[in-house]
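A note on names: the letters A, B, ... follow the listed sequences, proteins ahead of strands, and every chain is numbered from 1. None of these values were measured; they are calculated from a predicted model.
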Protein chains: 4
Amino acid sequence: MSQSPPADLPDAATAPPSAPAPRQRRKQARPHELLAAALTLFGEKGFAATRIEEVAALAGVSKGTLYLYYPSKEALLKAVIREHLGQLLDAGENLVATFDGPTSQLLSVLLHTWWDRVGNTPASAIHKIMLSEARNFPEIAAFYNDEVTRPAQRLLASCLQRGIDRGEFRALPVQPTAMNLLAPVIFLMLHKHSFGACSQSQQIVDPAAVIATQIDLVLHGLLLQGDSATTPVAPPAS
Amino acid sequence: MSQSPPADLPDAATAPPSAPAPRQRRKQARPHELLAAALTLFGEKGFAATRIEEVAALAGVSKGTLYLYYPSKEALLKAVIREHLGQLLDAGENLVATFDGPTSQLLSVLLHTWWDRVGNTPASAIHKIMLSEARNFPEIAAFYNDEVTRPAQRLLASCLQRGIDRGEFRALPVQPTAMNLLAPVIFLMLHKHSFGACSQSQQIVDPAAVIATQIDLVLHGLLLQGDSATTPVAPPAS
Amino acid sequence: MSQSPPADLPDAATAPPSAPAPRQRRKQARPHELLAAALTLFGEKGFAATRIEEVAALAGVSKGTLYLYYPSKEALLKAVIREHLGQLLDAGENLVATFDGPTSQLLSVLLHTWWDRVGNTPASAIHKIMLSEARNFPEIAAFYNDEVTRPAQRLLASCLQRGIDRGEFRALPVQPTAMNLLAPVIFLMLHKHSFGACSQSQQIVDPAAVIATQIDLVLHGLLLQGDSATTPVAPPAS
Amino acid sequence: MSQSPPADLPDAATAPPSAPAPRQRRKQARPHELLAAALTLFGEKGFAATRIEEVAALAGVSKGTLYLYYPSKEALLKAVIREHLGQLLDAGENLVATFDGPTSQLLSVLLHTWWDRVGNTPASAIHKIMLSEARNFPEIAAFYNDEVTRPAQRLLASCLQRGIDRGEFRALPVQPTAMNLLAPVIFLMLHKHSFGACSQSQQIVDPAAVIATQIDLVLHGLLLQGDSATTPVAPPAS
DNA sequence: CATGAATGAGACTTCATTCAT
DNA sequence: TATGAATGAAGTCTCATTCAT
């Protein structure tokens, strides 16, 4: 898809003379094209099973060219992750800070926005890659924890706290609750790049429905109103 | 070294048939030992990054011996998955059928039991392996869908339907809701074999707390009782 | 030459049963065969210009087999050098200690022996290899200095000192004189593996003649007897 | 960056022809700068282990520019050798022809001069390069033999013959004796570019002392005057 | 049954060489 | 001229698989 062949050279020619020559433009664009190709393939086949040459070919260059930009396969992986780290959270960062309505609505907007801007995007492959390779690249895993996981949890936790502070939410423990909010969202992302990509399972998971249901579910719960006598529920003796 | 001649076979023959001689027992146990070793390593390092020789070594045999039992690395992977497929669900299969109390409690018992018997078990690595390799081995993915994903969804869906039918639960759409129930449970399993195995992130996720909170959350929701005016929540225009 | 094909299997079959099986015998012989092949090719084409596969082929095995014995090309080089280090000196080590005749004769025997046992042997390629690669592998160079160069110098120096002490030789400075004795010997070795291997230059250098002349030269000098008035000779002002 | 337009060419044109403009001078100097850089690096790391780009960088130009002057790496090597071939001998060529004193002194002046003008010079790396690459590039080796080795031998041989003819020297065979005179000189050169460049071995070899001792040694020999009874020395039976 | 030596296809990486600018 | 981005052949090294013992 992003093979953008030499066909764009004419376009370049119409650019004002102060614009860089096509060769220059390519040089600038190369890293992103390579990272996009790598993201796609690492997400599809996994890091180990992806050949450098495939990445290069998908980016429309030769093997050697890739090495002009990234000194090793591992460096390429790191660059892919670094490139997309911000995007996983940027969308929601200041939404929480500026939002003014009821927290339930904030939560809803947050999750839907996230799916639109991230989950439904190639960047969503990052989580699958991380999951598969975390143990092979502990530094990257730590990096990811610091830059993505923890901030995401903090974002959701602050949102929950807001609801509790404003008297909208019950005072559930925010950390585990945040995890429960995050989990379906991550699940969708992972599913999209694994089973979801295998044709026959599309009907099993419908992202929009899952998210919409999640909002309803976590806000109102399963139980009918007034049926508060059901619990407490204790874990079974193992 | 293994020059112990066939002379010990007669000895073995004198042993009672219910307690096979060590050599026999070994021969019988080999496949399971190999599959256990493969499960561990495939889960830790991924399929492609695991060497056949490592699997053999972890099972205490030589490379050649592994090939006496499984004709290829891919066959080994398939055997690993097949070996553990049942275990992922067996625990809960007839619990639903025989359970007699309130559905909220059934749900709780189901999830806790599952974590005790599966999530907290080496078999939990299966899901990580599947996730990473689904697209590389579509037949395996289909197999997994048929044998695990769909039954699991059916199980949870039937449980939800039971609650609705009995007037305990609100009539949420069962498929997406089932997904939302499943997601945190899968999330915990995956986390355990990826980030969770990288030392510093243990505090971030506490499986027991997450599950307990999930039960509470999905049963009662976040909203304070009577605060039913908050919704409806519509997804934002993207 | 050392390709020793499977033709030696029959020979192995005639060996007493306590002898290792052919496969075992090969396993034991492999390292030496590989080192011999490597010595030959490194000497011929240089380290960098020799391909691992060529070494393996010359030893009669495949690329992969070489890596069962030596983990890298550099390790192979080090092993080659280590394998032949002793041989460069062993010949003369105790000759000096036990020799009983005039020192001039000791010197003569020493140099001729050395050429027979080392200079005229594949091991002589070691010095060419070292010379070419010393700066690329400083540890190896230091190793070589410690194990070969210094001992050789010490051997010659002690021989010279013996002559001086016994009143046979003039009291020339032993270190530089030792170098002058060593130089033609090393020169012959190097020549043999470089220009000497290029057909047309065989007549230029005749090892036996060079060594014989060297003995005569360093013992009696060029000057006619009684012509001691010629010197002193001062270096020219540069 | 190099956008300085052709406008400066007229400026260059106004410069006196004996002092070419910087650009012109540069253009003329390029080949020599490139050859000097190549000599240095080929001598340091060997031909195969030196990258074209390193040579270009050391000469202060880009890879592409080097190819404007030399069509291939091999051509560069040949040019390096050709460039320095004369220098190895020029110094002594007519010294022999014009020298008027005793031959012992001529010999001394010859060797010391040679060390000052060649051995102690970057050109000395040539011999190391040739030694390493002779067998990979037979034509170059032949070239070297014709242009350097044989003339050098002829030079020394004629010098020896002069001494014999004038009744100064004993009538040793001139060819092998010439080799023995040459060997320490070559040894010093080679050492300087291999082991000598590895820090700890500087004390082992002191060029000036080696040469001074050589003169003394080859002129007077080791034996005390009158000790002519020592020989004949026969090579040992191998 | 079990072993582990041997193989060779295939992956990563380097670098001499080309060529559009 | 000069540049340096791009190429792809070639080299090092890995590892799934085979097979003689």
Side-chain angles (χ1 to χ4, degrees), chain A residues 6 9 20-24 26-27 30 48-56 60-74 76, chain B residues 1-4 6 23-24 26-27 30 48-56 60-76, chain C residues 9 20-24 26-27 30 48-54 56 60-76, chain D residues 1-4 6 9 23-24 26-27 30 48-56 61-74 76:
Chain A
L9 282 175
R23 185 91 160 244
Q24 295 278 332
R26 283 327 280 270
K27 166 129 202 254
R30 280 284 141 73
T50 299
R51 285 181 304 136
I52 281 278
E53 202 160 7
E54 294 176 294
V55 176
V61 297
S62 76
K63 209 176 4 166
T65 301
L66 190 152
Y67 280 92
L68 294 178
Y69 296 91
Y70 303 99
S72 72
K73 198 183 180 186
E74 190 172 331
L76 178 62
Chain B
M1 38 186 78
S2 68
Q3 288 198 341
S4 52
R23 183 108 158 225
Q24 296 271 339
R26 214 49 207 239
K27 197 159 32 169
R30 277 286 146 72
T50 298
R51 286 180 307 151
I52 282 278
E53 199 160 12
E54 293 177 292
V55 176
V61 299
S62 74
K63 219 176 355 174
T65 302
L66 190 151
Y67 277 89
L68 294 176
Y69 294 92
Y70 303 100
S72 74
K73 198 183 180 186
E74 191 172 330
L76 178 62
Chain C
L9 282 175
R23 186 92 161 241
Q24 295 277 333
R26 283 329 278 270
K27 166 126 203 256
R30 280 283 140 74
T50 299
R51 285 180 304 136
I52 281 278
E53 203 160 7
E54 294 176 296
V61 298
S62 75
K63 205 179 9 165
T65 300
L66 191 151
Y67 280 93
L68 293 178
Y69 296 91
Y70 304 99
S72 71
K73 197 182 179 186
E74 190 172 331
L76 178 62
Chain D
M1 39 184 76
S2 68
Q3 289 198 340
S4 52
L9 281 177
R23 182 107 159 225
Q24 296 270 338
R26 213 51 208 238
K27 196 158 36 171
R30 276 285 146 72
T50 298
R51 287 180 307 153
I52 281 278
E53 198 160 13
E54 293 177 293
V55 175
V61 299
S62 74
K63 219 176 354 175
T65 301
L66 190 152
Y67 277 89
L68 294 176
Y69 294 92
Y70 303 100
S72 74
K73 199 184 180 185
E74 191 172 329
L76 178 61

Rounded to whole Å, how long is the line connecting atom OH of Y67(D) with atom P of dA6(F)?
18 Å

For atom P, what is the distance between dT21(F) and dC1(E), given to the nearest Å?
22 Å

Ranking R51(D) and I52(A) by the position along DNA chain E of their nearest nucleotide, the one closer to 5' is I52(A)

Between T50(D) and G64(D), whichever has its closest DNA chain E nucleotide further toward 5' is T50(D)

Take the protein atom CD of E53(A) and the nucleotide atom C1' of dA9(F), then report the distance between them rounded to whole Å.
11 Å

Starting at the 5' end of DNA chain F, write a dot or bracket for each base, bracketing those in Watson-Crick or G-U wobble pairs whose two distances are under 3.5 Å and using | for partners on another strand.
.||||||||||||||||||||

Identify the two heavy atoms, one from V55(D) and one from L76(D), that lie closest to each other, and give their separation to 0.1 Å.
CG1-CD2, 4.1 Å

Give the rounded distance in Å between these two atoms: CZ of R30(A) and P of dG4(F).
17 Å

Can you give me every donor-acceptor pair (side chain of residues 68-75 of chain C, partner residue at least two apart or in another chain, under 3.5 Å) with its distance?
residue : atom : partner : partner atom : Å
S72(C)  : OG   : E74(C)  : N            : 3.4
S72(C)  : OG   : A75(C)  : N            : 3.1
K73(C)  : NZ   : F47(C)  : O            : 3.0
K73(C)  : NZ   : A48(C)  : O            : 3.4
K73(C)  : NZ   : T50(C)  : O            : 2.8

Expressed as a whole number of angstroms, how long is the span from L68(C):CG to dG4(E):C1'?
9 Å

So, is S62(B) close to the dT3(E) phosphate, meaning a side-chain N or O under 4.0 Å from OP1 or OP2?
yes

Taking only N and O in the side chain of T65(A), is any of them less than 4.0 Å away from OP1 or OP2 of dA5(F)?
no

Can you measure E74(C) atom CD to dT12(F) atom P for me and round it to whole angstrom units?
13 Å

Heavy-atom closest pair, residues A49(B) and E54(B):
O-OE1, 4.0 Å

Determine the contact category for K63(C): base if any of its heavy atoms lies under 4.0 Å from a base atom, sugar-phosphate if only primed atoms, P, OP1 or OP2 are that close, otherwise nothing.
base

Please confirm whether the shortest side-chain N or O distance from Y69(A) to OP1 or OP2 of dA6(F) is below 4.0 Å.
yes

Distance, rounded to the nearest Å, where L76(B) contributes CG and dA16(F) contributes P:
11 Å

To the nearest angstrom, how far is L66(B) atom CG from dC15(F) atom C1'?
14 Å

Working to the nearest 0.5 Å, report the span between OG1 of T65(A) and NZ of K63(A).
11.0 Å

Nearest-Å distance, NZ (K73(B)) to P (dT14(F))?
15 Å

